[in-house]
Amino acid sequence: MASASRIASAASLVCPIAPLARAFFARDPRRVARELLGKILVRQDDSVRLTARIVELEAYLGESDPAAHAAAGRTARNAVLFGPPGYAYVYFIYGNHYCLNVSCEREGKAGGVLFRALEPLEGVAEMARARDVTIASPKDLLKLTRGPGRLSEAFGITRLRDNGGDLTSQGSGLWIGDDGYRSRQICMTARIGITKAADRRLRYFLRGNAFVSGSRLASK
DNA sequence: ATATCGATTATCT
DNA sequence: GATAATCGATATG
């Protein structure tokens with residue numbers, strides 16, 4: 001136990017969680033994605049706190065990126081991407097799923113980072129209830145937050161509730177924090193599930209982490 | 001008013 | 001590994 005606690009683990013909190021500053025997000029989405037690995041997504045309700053470590057992200061650039069929702073210019077749907085940095089862009093996809101992004105760059109310049117996978121830390125029972133899954137073995141934890149649609153469901157993220165929310169403010173109920181965890185090896189591959197600009201390597205994940213989505217390139 | 005298309009997941013073989 | 005399910009946003013008439 002003594003040796004295990006000396007090793008920084010992705011599966012436990014290192015220190016109290018401090019919210020990230022807005023300036024963190026006011027940069028190129030590639031840089032933001034890389035540096036968000038190992039940070040923590042927090043859902044704070046009246047009573048419950050859900051926390052999970054960010055282990056996989058994708059960068060979506062502005063109007064120069066054909067795969068980005070911002071590619072065709074500003075619309076009512078993607079307006080948050082064109083707004084100030086550090087806000088939640090939540091969209092609905094495939095008739096079933098919500099996906100969470102954080103806006104990047106300065107106001108007026110689009111850019112965002114998609115949350116693709118988390119490793120649960122606190123509130124596993126609540127996440128399991130939200131996902132309607134039973135945790136019978138450690139590998140069932142993967143059903144909670146592996147994949148962008150799953151993590152959103154586990155955290156109760158919807159467009160109505162969270163789109164436009166401030167991810168740098170604890171008062172918003174959904175925010176991103178730093179507990180001092182230092183991520184080790186970072187891998188980059190092509191983004192998943194897109195057809196346009198499918199060759200660009202803008203997917204970032206923590207090497208070897210079991211919660212990373214995708215079957216083949218997850219642990220390289 | 002209607003048609004098309006997903007930054008996905010669950011459930012098969 | 002293949003595919004059905006599902007519906008809001010968007011484009012077009």
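Throughout, protein chains are lettered first and strands after them, A, B, ... in sequence-line order, and every chain is numbered starting at 1.
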Sole residue of R200(A), R201(A), R116(A), R34(A) in salt bridge (Lys or Arg N to Asp or Glu O under 4.0 Å) with E58(A):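 Of the listed options, the one satisfying the test is R116(A).
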
Within 45° cone of Y60(A) ring axis and under 6.0 Å: R191(A) NZ or CZ: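 The answer is yes, since R191(A) meets both limits relative to Y60(A).
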
Cation-pi, F25(A) ring and R22(A) (6.0 angstrom, 45 degrees):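 No, R22(A) and F25(A) do not form such a contact.
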
Nearest-nucleotide comparison on DNA chain C, the residue closer to the 5′ end among Y94(A) and R159(A):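 Whichever sits nearer the 5' end wins; that is Y94(A).
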
Spacing between [X] atom [atom1] and [N] atom [atom2], to the nearest angstrom:
| X | N | atom1 | atom2 | answer |
| --- | --- | --- | --- | --- |
| R74(A) | dA9(C) | CZ | P | 17 Å |
| F92(A) | dT10(C) | CZ | C1' | 15 Å |
| H97(A) | dT9(B) | NE2 | P | 6 Å |
| L144(A) | dT8(B) | CG | C1' | 17 Å |
| L142(A) | dT9(B) | CG | P | 13 Å |
| E153(A) | dT8(B) | CD | C1' | 12 Å |
| R146(A) | dT8(B) | CZ | C1' | 13 Å |
| L160(A) | dC7(C) | CG | P | 17 Å |

Is there any protein nitrogen or oxygen under 3.5 Å from a nitrogen or oxygen in nucleotides 2-4 of chain C, and what are the pairs?
none

Sugar-phosphate, base or nothing in reach of I194(A), heavy atoms under 4.0 Å: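 Here I194(A) touches the backbone only, sparing every base.
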
Sugar-phosphate, base or nothing in reach of R77(A), heavy atoms under 4.0 Å: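 Counting heavy atoms under 4.0 Å across all strands, the contact made by R77(A) is with sugar-phosphate only.
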
From [atom1] ([X]) to [atom2] ([Y]), nearest 0.5 Å:
| X | Y | atom1 | atom2 | answer |
| --- | --- | --- | --- | --- |
| R184(A) | I186(A) | CZ | CD1 | 11.5 Å |
| E35(A) | L37(A) | CD | CG | 10.0 Å |
| L81(A) | Y91(A) | CG | OH | 10.0 Å |

Donor-acceptor under 3.5 Å (N78(A) side chain, H69(A) main chain):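 Present.
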
Any side-chain heavy-atom pair of D179(A) and R53(A) under 4.5 Å: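 With C-beta onward as the side chain, the pair touches.
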
Complementary nucleotide of dA4(C), counting Watson-Crick and G-U pairs under 3.5 Å: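 Across any shown strand, dA4(C) pairs with dT9(B).
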
Out of dT9(B), dT6(C), dA9(C), whichever nucleotide has its closest atom nearest the side chain of R150(A):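 Nearest listed nucleotide: dT9(B).
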
List every contact pair, protein side and nucleotides 11-13 of chain C side both N or O, where the distance is under 3.5 Å.
none

Lys/Arg N to Asp/Glu carboxylate O, D28(A) vs R31(A), below 4.0 Å: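 Result for this pair is no, no salt bridge flagged.
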
